[in-house]
Amino acid sequence: MTISESDLLAKVPDRLFIGGKWVPSTSGRSIEVHDPSTGLVIKTIADASPEDGIRAVDAAAAVQQSWAATAPRVRGEILRGAFDLLQERADEFALLMTLEMGKPLAEARGEVTYGGEFLRWFGEEAVRISGRYGVNPEGTGRMIVTHLPVGPSFLITPWNFPLAMATRKIAPALAAGCTAIVKPAELTPLTTLYFARLLEEAGLPAGVLNVITTSTSGDVSAPIIADKRLRKLSFTGSTPVGRKLLTQASENVLRTSMELGGNAPFLVFDDADLDGAVDGAMLAKFRNIGQACTAANRFIVHESVADEFTARITARVNELTIGRGTDDGVAIGPLINDGAVDKADALVRDAIDRGATLVTGGSRIDGPGSFYQPTVLSGIVAGSDILREEIFGPVVTIVPFTDEADAVALANDTEYGLVSYVFTRDLARGQRLVETLQTGMMGLNVGVVSNAAAPFGGVKQSGIGREGGSEGIHEYLETKYVLTPDPFLAG
């Protein structure tokens with residue numbers, strides 16, 4: 001049965017989740033959550049104070065030992081139960097994300113599928129935490145290596161994927177035996193609150209997961225990070241904020257995972273399947289309305305096919321339907337707020353002023369909501385801001401190149417290194433680019449790389465650590481080595 005928007009919003013908790021209870025903020029303040037397609041307030045929720053953050057640490061620390069001692073199978077079954085409940089309520093979570101973030105319902109449903117896979121994957125990984133045992137090289141003893149939970153973890157999630165970014169952090173933390181404090185983004189906190197309620201129903205013990213929503217992120221986060229009981233910090237967001245958090249985390253030498261900014265190159269060679277390249281480009285650019293750290297930011301296209309690629313992608317862009325994400329057939333919803341529109345427009349204006357050609361789009365859309373036209377720019381000139389900064393909007397920027405060395409130089413000319421995309425039929429070239437492109441991930445003839453079973457993360461200033469895959473759970477585990485005497489010589 002389809003639920004109405006008002007009925008769904010009424011089901012979402014409006015308080016903080018601390019120690020297994022839904023509690024008001026000690027500040028008495030509140031946060032207004034807006035629908036970016038209309039600008040209207042859709043729900044008002046509690047605005048946590050620094051004192052609330054410490055209360056959440058208290059709760060997580062109090063049950064860390066008991067949760068770490070909980071059998072891996074039990075931890076895994078709770079995550080599997082949460083996965084099953086999420087499938088039952090997939091339509092509700094999809095609608096909720098569309099309401100608070102703006103993405104089309106079809107994409108929101110895809111995020112439910114993607115986000116749910118982290119629950120299933122790490123539920124299975126919980127029982128596969130292993131170690132090793134063996135004779136030391138000298139033959140004088142036995143080496144035991146085991147993995148233990150890091151401890152209470154602070155998880156800071158972004159606004160653009162409200163469910164998947166929460167499950168990508170929460171699932172491995174819980175599977176590893178860590179308790180957690182989660183701080184969702186102020187712009188899209190409702191999905192995390194609703195997911196915490198789902199985990200309650202799945203049987204998660206009180207205090208294992210705590211959720212604090214706040215409009216003063218820095219003030220609330222700083223004392224949490226400074227608390228000596230905290231042992232892990234995981235953040236997804238901008239590189240400048242990540243740098244500040246790393247500085248704070250250094251005081252207590254916290255384990256850190258940082259999934260930061262991106263400036264993804266999308267390389268199209270002269271031998272590429274252009275139909276496949278355009279299909280991949282539409283996915284890599286317009287997924288989530290371009291508001292993804294993995295979004296293709298720079299389309300680096302061989303000069304012999306640049307005009308044809310531009311014409312084909314422009315035709316596809318001009319077919320995109322813009323509107324509220326709940327409407328049938330909509331492919332492009334609003335950007336998250338007016339500030340995002342201003343940024344995208346400023347980058348487009350700068351590129352044009354420097355000599356780029358506006359092929360289509362290039363303007364904000366008047367009326368309610370924060371909408372920007374899907375845009376194609378060709379002939380981007382070196383030095384343009386749009387080549388250095390994340391666009392985070394529905395803007396295609398096309399830069400021609402001459403040969404493979406030129407393409408690699410253009411692709412690597414950035415401080416970021418999250419993901420790259422390459423379209424070529426030449427297998428040897430593809431293998432070379434695996435080694436020469438300075439990114440933590442690469443899509444070879446595909447436009448989407450994210451998968452719960454694969455390690456997600458970047459190099460350079462795109463971050464530290466990995467989320468997803470078998471690597472993801474080890475971000476929440478310490479390694480302990482024990483040496484015992486040779487048992488044949490003992491006694």
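Along the sequence shown, residues are numbered consecutively beginning with 1. Only a predicted model underlies this, so the values are computations on that prediction, with no experimental measurement involved.
Judged by distance alone, the side chains of Asp219 and Thr216 never bring a donor and an acceptor atom under 3.5 Å apart. A donor-acceptor pair shorter than 3.5 Å cannot be found between the side chains of Thr188 and Glu100. If you check the side chains of Asn263 and Arg388, you find no donor sitting under 3.5 Å from an acceptor. If you check the side chains of Ser30 and Asp47, you find no donor sitting under 3.5 Å from an acceptor. Side-chain atoms of Arg243 and Gln461 form a donor-acceptor pair, as typed in the model, at a separation below 3.5 Å. Judged by distance alone, the side chains of Thr157 and Lys183 never bring a donor and an acceptor atom under 3.5 Å apart. Side-chain atoms of Glu186 and Ser215 form no donor-acceptor pair, as typed in the model, at a separation below 3.5 Å. Between the side chains of Thr375 and Gln373, no donor-acceptor pair of N or O atoms lies under 3.5 Å.
For Phe423, the ring pair (Phe, Tyr, Trp, His ring centres under 6.0 Å) partners at least two apart in sequence or on another chain are Phe266. By the ring pair (Phe, Tyr, Trp, His ring centres under 6.0 Å) test, Phe392 is found to be paired with Trp159, residues two or more places apart in sequence or in another chain being considered. Checked against ring pair (Phe, Tyr, Trp, His ring centres under 6.0 Å), Phe371 has no partners two or more places apart in sequence or in another chain. By the salt bridge (charged side-chain N to carboxylate O under 4.0 Å, His left out) test, Arg312 pairs with Asp275, Glu308, sequence neighbours left out. Partners of Arg197 by salt bridge (charged side-chain N to carboxylate O under 4.0 Å, His left out), not counting sequence neighbours: none found. Every residue two or more places apart in sequence or in another chain was checked for a salt bridge (charged side-chain N to carboxylate O under 4.0 Å, His left out) with Arg466, and none qualifies. Annotation: ring pair (Phe, Tyr, Trp, His ring centres under 6.0 Å) contacts of Phe17 (sequence neighbours excluded): Trp22. Listed by chain and residue number, Arg120 satisfy the salt bridge (charged side-chain N to carboxylate O under 4.0 Å, His left out) test with Glu117 (two or more places apart in sequence, or in another chain).
In this structure a side-chain-to-backbone donor-acceptor pair under 3.5 Å is missing from Ser37 to Arg324. Judged by distance alone, the side chain of Thr439 and the main-chain N or O of Gly417 form no donor-acceptor pair under 3.5 Å. At least one donor-acceptor pair closer than 3.5 Å links the side chain of Lys343 to the backbone N or O of Glu390.
Annotation for Asp7: atom CG counts as buried by contact number, over 12 foreign heavy atoms lying within 6.0 Å.
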With a cut-off of 3.5 Å and sequence neighbours excluded, list every side-chain donor-acceptor pair involving residues 163-175.
from   : atom 1 : to     : atom 2 : distance (Å)
Thr167 : OG1    : Gly115 : O      : 2.9
Thr167 : OG1    : Leu163 : O      : 3.4
Thr167 : OG1    : Ala164 : O      : 3.2
Arg168 : NE     : Glu467 : OE1    : 2.9
Arg168 : NH1    : Tyr114 : OH     : 3.4
Arg168 : NH2    : Glu259 : OE1    : 3.1
Arg168 : NH2    : Glu467 : OE1    : 3.2
Lys169 : NZ     : Ser234 : OG     : 2.9
Lys169 : NZ     : Thr236 : OG1    : 2.8
Lys169 : NZ     : Glu467 : OE2    : 2.8

Side-chain donor-acceptor distances from residues 362-370 under 3.5 Å, at least two apart:
from   : atom 1 : to     : atom 2 : distance (Å)
Arg364 : NH1    : Asp342 : OD1    : 2.9
Arg364 : NH2    : Asp342 : OD1    : 3.0
Ser370 : OG     : Pro36  : O      : 3.4
Ser370 : OG     : Leu335 : O      : 2.6

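Annotation: ring-ring contact (aromatic ring centres under 6.0 Å, His included) contacts involving residues 196-224, sequence neighbours excluded, are absent. Listed by first and then second residue, the ring-ring contact (aromatic ring centres under 6.0 Å, His included) pairs that reach into residues 171-208 are Phe93-Tyr194, sequence neighbours excluded.
Looking only at side-chain heavy atoms (C-beta outward), Asp91 and Ile3 stay at 4.5 Å or farther from each other.
Considering NE2 of His34 and NZ of Lys43, their distance stands at 14.5 Å, rounded to 0.5 Å.
Cation-pi geometry between Lys232 and Tyr476 is satisfied (NZ or CZ under 6.0 Å from the ring centre, within 45° of the ring normal).
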Stepwise salt bridge (charged side-chain N to carboxylate O under 4.0 Å, His left out) test for Arg75 and Glu125: CA-CA 10 Å; Arg75 299 197 300 259; Glu125 287 294 285; over 6 Å; no
